[in-house]
Student: 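I have a structure here, written as structure tokens, and I will follow up with some questions on it.
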Amino acid sequence: MALRRITQETFDAAVRENIDEFEMDPDDALREAVEQFQSQGVDLSCIVKAVPAVSSDDKQQAQTHEILQALESLRIAQDSPDSTKVALDIKCFSEQCSLGFAQRYLAAQKGAYPIILSYCQKSVGDQVATLASLSALAALTDGQPDLFDADGKNFLLDVLKRYHADSSLTRAAISAVRHSCLKHEQNRQDLVKAGVLPLLTNAIKQHSGCAEVVKEASGALRIMTFDDDIRVTFGHAHEHAKMIVLQHNGLKVLIESAKAHDDNISVLSELCATLSRLAVRNEFCQDICDLGGLKLIMTLLADSYESAELVRQVLSAIRAVAGNDDVKDAVVKAGGVQLIVIAMNRHVTISKQACMLLRNLVSHQPNYSQPILDMGVEALILQALRTHQDCGDAAKAALRDLGCQVELRELWTGKRGGITN
């Protein structure tokens with residue numbers, strides 16, 4: 001059942017009532033309001049849970065939230081010649097947006113997007129001002145891709161072209177691209193049609209030594225291959241993946257970047273995650289292997305056991321490229337199964353990815369089942385099945401495909417009645 005929603009004004013009025021009518025101190029009044037609405041089944045995820053403050057500049061001003069005070073300062077200063085004050089106001093707004101989604105949502109409800117975009121458009125030509133306003137735009141659109149419009153698209157593409165040599169501006173622009181495309185298929189399609197893909201791959205190549213740009217651009221490329229917008233029946237995830245690989249040499253770009261950052265776990269995790277999204281065709285899997293990607297990934301698995309997140313992404317990447325039967329052979333012959341077993345013993349949190357990979361290795365290659373079982377894999381999978389609820393389906397599927405005995409329950413047989421637990 002959907003949770004009820006209230007406005008920020010309703011929540012603030014309840015807090016104020018607790019203070020004025022029941023003489024509570026602000027912290028207790030806030031806590032009481034939160035508990036009251038939660039007990040009524042109200043969703044407070046979009047509510048700023050703070051006591052509105054009085055602006056330090058005007059003690060007579062009505063109480064309001066700091067994010068709205070920052071927004072009002074920007075609204076007033078739109079035609080101000082004082083660039084120093086404008087820069088401070090934009091910085092303050094960005095900092096408030098970074099506090100959480102509720103602050104960003106409230107700002108958007110009060111008309112923040114056109115104000116921030118106007119600052120962005122006026123700042124073009126001044127790199128310092130552009131970076132400040134662009135950072136505010138990226139912060140505001142985080143979790144709110146519906147705010148993005150054609151003017152915002154044109155601005156971001158202009159920045160990526162005009163300031164392609166500046167790593168800070170490139171990173172900020174790509175961050176805004178990433179935020180505008182997550183869970184928004186139309187924004188993805190519009191940006192791809194407008195030519196964002198070569199700008200992203202070129203950013204990785206041009207700023208190959210800048211870890212933050214590589215991470216942002218890799219993440220943006222990956223989001224272009226998502227099918228995560230529930231409002232759209234059919235997306236272009238597969239088409240975008242093919243374009244990245246065939247038209248923009250994406251596999252080579254990512255693999256070369258991984259080689260250049262072989263000691264940076266966060267960059268490697270990001271690149272492995274993106275590679276796994278691009279292995280959508282049999283020949284792409286082989287290309288990754290031919291470009292040295294599989295060797296690189298296997299080396300990472302052997303050398304990076306301390307990072308569970310990197311191991312998780314490496315296993316997902318191997319699983320993706322192992323969709324090619326020739327690559328399966330290469331993984332097994334390179335000692336991949338032994339490395340998987342070691343990883344499962346070291347990090348129980350990666351059991352789901354390990355189970356899916358093991359299942360992939362024996363798909364079309366049943367002769368690998370017994371050698372894999374001889375390494376003690378069955379006991380590890382059963383342990384994961386017992387201790388990790390989210391691993392249930394993957395673990396049972398792996399056991400089944402390995403030829404082990406597994407209990408599979410038929411939840412529904414087509415007869416009348418509900419599905420039993």
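The first residue of the sequence shown is numbered 1, and numbering continues consecutively from there. Note: hydrogens, waters and symmetry copies are ignored here, and every other heavy atom, side chains too, is used.
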Student: Distance check, rounded to the nearest 0.5 Å: Gln109 atom CD versus Leu68 atom CG?
Tutor: 11.0 Å

Student: Determine whether a donor-acceptor pair (N or O, by modelled atom type, separation under 3.5 Å) exists between the side chain of Lys49 and the backbone of Leu44.
Tutor: yes

Student: Are side-chain heavy atoms of Ile372 and Ile340 found at a separation under 4.5 Å?
Tutor: no

Student: So, Lys328 side chain and Leu361 main chain: donor-acceptor pair closer than 3.5 Å or not?
Tutor: no

Student: Using a 3.5 Å distance criterion without hydrogens, assess whether the side chain of Asp43 forms a donor-acceptor pair with backbone atoms of Leu3.
Tutor: no

Student: Determine yes or no for a side-chain-to-main-chain donor-acceptor pair under 3.5 angstrom, with His388 supplying the side chain and Cys391 the backbone.
Tutor: no

Student: Under 4.5 Å between any side-chain heavy atoms of Arg222 and Arg178, yes or no?
Tutor: no

Student: In chain order, what residues pass the side-chain contact (heavy atoms from CB on, under 4.5 Å) check against Arg386, with sequence neighbours excluded?
Tutor: Leu382, Gln383

Student: Measuring from His248:NE2 to Ile204:CD1, what's the distance to the nearest 0.5 Å?
Tutor: 12.0 Å

Student: Evaluate the side-chain proximity of Phe148 to Leu191: yes if any heavy-atom separation is below 4.5 Å, no if none is.
Tutor: yes

Student: Is the count of non-hydrogen atoms from other residues, nucleotides or ligands lying under 6.0 Å from Arg5 atom CZ greater than 12?
Tutor: no

Student: Thinking salt bridges, do Asp228 and Arg188 make one under a 4.0 Å N-O criterion?
Tutor: yes

Student: Donor-acceptor pair, Asp287 side chain versus Leu251 backbone, under 3.5 Å?
Tutor: no

Student: About how many Å separate OG of Ser304 and CG of Leu310, when rounded to the nearest 0.5 Å?
Tutor: 4.5 Å

Student: Restricting to side-chain hydrogen bond (donor to acceptor under 3.5 Å, both in side chains), what partner residues turn up for Tyr368, sequence neighbours left out?
Tutor: Asp329

Student: Roughly how far, to the nearest 0.5 Å, is the CD1 atom of Ile90 from the OG atom of Ser73?
Tutor: 11.5 Å

Student: Relative to each other, are the rings of Tyr105 and Phe101 parallel, tilted or perpendicular (30° and 60° limits)?
Tutor: tilted

Student: Show the nearest heavy-atom pair for residues Thr130 and Gly125, with the distance to one decimal.
Tutor: OG1-N, 4.1 Å

Student: Under 4.5 Å between any side-chain heavy atoms of Leu71 and Phe93, yes or no?
Tutor: yes

Student: Look up atom CD1 in Ile297 and atom CG in Leu271, then write down how far apart they are to the nearest 0.5 Å.
Tutor: 10.0 Å

Student: So, for Thr349 and Ala308, which heavy atoms are closest and what is the spacing to 0.1 Å?
Tutor: OG1-CB, 4.0 Å

Student: Heavy atoms, side chains only, cut-off 4.5 Å: are Asp28 and Asn18 in contact?
Tutor: no

Student: Using a 3.5 Å distance criterion without hydrogens, assess whether the side chain of Tyr119 forms a donor-acceptor pair with backbone atoms of Gln78.
Tutor: yes

Student: Hey, is CG on Asp290 packed in by over 12 heavy atoms from elsewhere, all under 6.0 Å?
Tutor: yes

Student: Please name all residues satisfying side-chain hydrogen bond (donor to acceptor under 3.5 Å, both in side chains) with Ser98, sequence neighbours left out, ordered by chain then number.
Tutor: none

Student: Taking all non-hydrogen atoms of both residues, which atom of Ile174 and which atom of Ala220 are closest, and how far apart?
Tutor: CG2-CB, 3.8 Å

Student: Counting neighbours of CD on Glu23 that are heavy atoms of other residues, nucleotides or ligands and sit closer than 6.0 Å, is the number greater than 12?
Tutor: no

Student: Strictly distance-based, threshold 3.5 Å: is any side-chain N or O of Ser175 a donor or acceptor partner for the main-chain N or O of Arg171?
Tutor: no

Student: Any donor-acceptor pair under 3.5 Å linking the side-chain atoms of Gln96 with those of Glu66?
Tutor: yes

Student: In terms of side-chain geometry, is the basic nitrogen of Arg31 or Asp27 positioned less than 4.0 Å from the acidic oxygen of its partner?
Tutor: no

Student: So do the side chains of His207 and His164 get within less than 4.5 Å of each other, counting heavy atoms only?
Tutor: no

Student: Start with the C-alpha gap between Leu357 and Val331, add the side-chain angles, then the distance that decides, and say whether side chain to side chain contact (heavy atoms under 4.5 Å, CB included) holds.
Tutor: CA-CA 11 Å; Leu357 172 53; Val331 171; 5.6 Å; no

Student: Near Lys183 NZ, under 6.0 Å, is it more than 12 heavy atoms from other residues, nucleotides or ligands?
Tutor: no

Student: Is a side-chain N or O of Arg104 found less than 3.5 angstrom from the main chain of Gly143, in a donor-acceptor match?
Tutor: no

Student: How far apart are the C-alpha atoms of Ser133 and Ile116, what are their side-chain angles, what is the distance that settles it, and do they pass the side chain to side chain contact (heavy atoms under 4.5 Å, CB included) test?
Tutor: CA-CA 7 Å; Ser133 57; Ile116 298 301; 5.6 Å; no

Student: Taking only residues two or more places apart in sequence, or in another chain, which ones meet Gln353 in a side-chain hydrogen bond (donor to acceptor under 3.5 Å, both in side chains)?
Tutor: none

Student: Check whether any side-chain N or O of Asp401 sits under 3.5 Å from a backbone N or O of Arg359 as a donor-acceptor pair, and report yes or no.
Tutor: no

Student: More than 12 heavy atoms of other residues, nucleotides or ligands under 6.0 Å from NZ of Lys259: yes or no?
Tutor: yes

Student: Going by an N to O cut-off under 4.0 Å, is there a salt bridge joining Glu256 and Lys205?
Tutor: no

Student: What heavy-atom pair brings Val213 and Ser167 nearest, and what distance separates the two atoms?
Tutor: CG2-O, 3.4 Å

Student: Between Ser218 and Thr274, do the side chains contain a donor N or O and an acceptor N or O under 3.5 Å apart?
Tutor: yes

Student: For the residue pair Cys355 and Ala394, what are the closest heavy atoms and their distance?
Tutor: CB-O, 3.7 Å

Student: Atom CZ of Arg312 and atom OG of Ser307: how far apart are they, to the nearest 0.5 Å?
Tutor: 8.5 Å

Student: Do Met344 and Ile350 come within less than 4.5 Å of each other through their side chains, counting heavy atoms only?
Tutor: yes

Student: Pick from Asp149, Asp151, Asp146: which one makes a side-chain hydrogen bond (donor to acceptor under 3.5 Å, both in side chains) with Tyr113?
Tutor: Asp149

Student: Does the side chain of Glu306 reach to within under 4.5 Å of the side chain of Ile265, using non-hydrogen atoms?
Tutor: no

Student: Side chains of Gln36 and Glu32: any donor to acceptor distance under 3.5 Å?
Tutor: no

Student: What pairs of residues pass the side chain to side chain donor-acceptor pair (under 3.5 Å) test when at least one of them lies in residues 6-16, not counting sequence neighbours?
Tutor: Thr7-Thr10, Gln8-Asp12, Gln8-His65, Glu9-Lys110, Asp12-His65, Arg16-Asp20, Arg16-Gln63

Student: Do Ser316 and Ser276 have side-chain atoms, one donor and one acceptor, less than 3.5 Å apart?
Tutor: no

Student: Using the side chain to side chain contact (heavy atoms under 4.5 Å, CB included) rule, take Leu156 and Leu134 through it: C-alpha gap first, then chi angles, then the decisive distance, then the call.
Tutor: CA-CA 9 Å; Leu156 291 182; Leu134 182 55; 3.5 Å; yes

Student: Looking only at heavy atoms, what is the nearest atom pair of Ala108 and Leu140, with distance?
Tutor: N-CD1, 4.3 Å

Student: If the condition is salt bridge (charged side-chain N to carboxylate O under 4.0 Å, His left out), which residues does Arg277 pass it with, not counting sequence neighbours?
Tutor: none

Student: Around atom NZ of Lys252, are there more than 12 heavy atoms from other residues, nucleotides or ligands closer than 6.0 Å?
Tutor: no

Student: For Phe11 and Val42, what are the C-alpha separation, side-chain angles and deciding distance, and is it a side chain to side chain contact (heavy atoms under 4.5 Å, CB included)?
Tutor: CA-CA 11 Å; Phe11 181 83; Val42 175; over 6 Å; no

Student: Keeping His347 on the side-chain end and Tyr305 on the backbone end, is there a donor-acceptor pair under 3.5 Å?
Tutor: yes

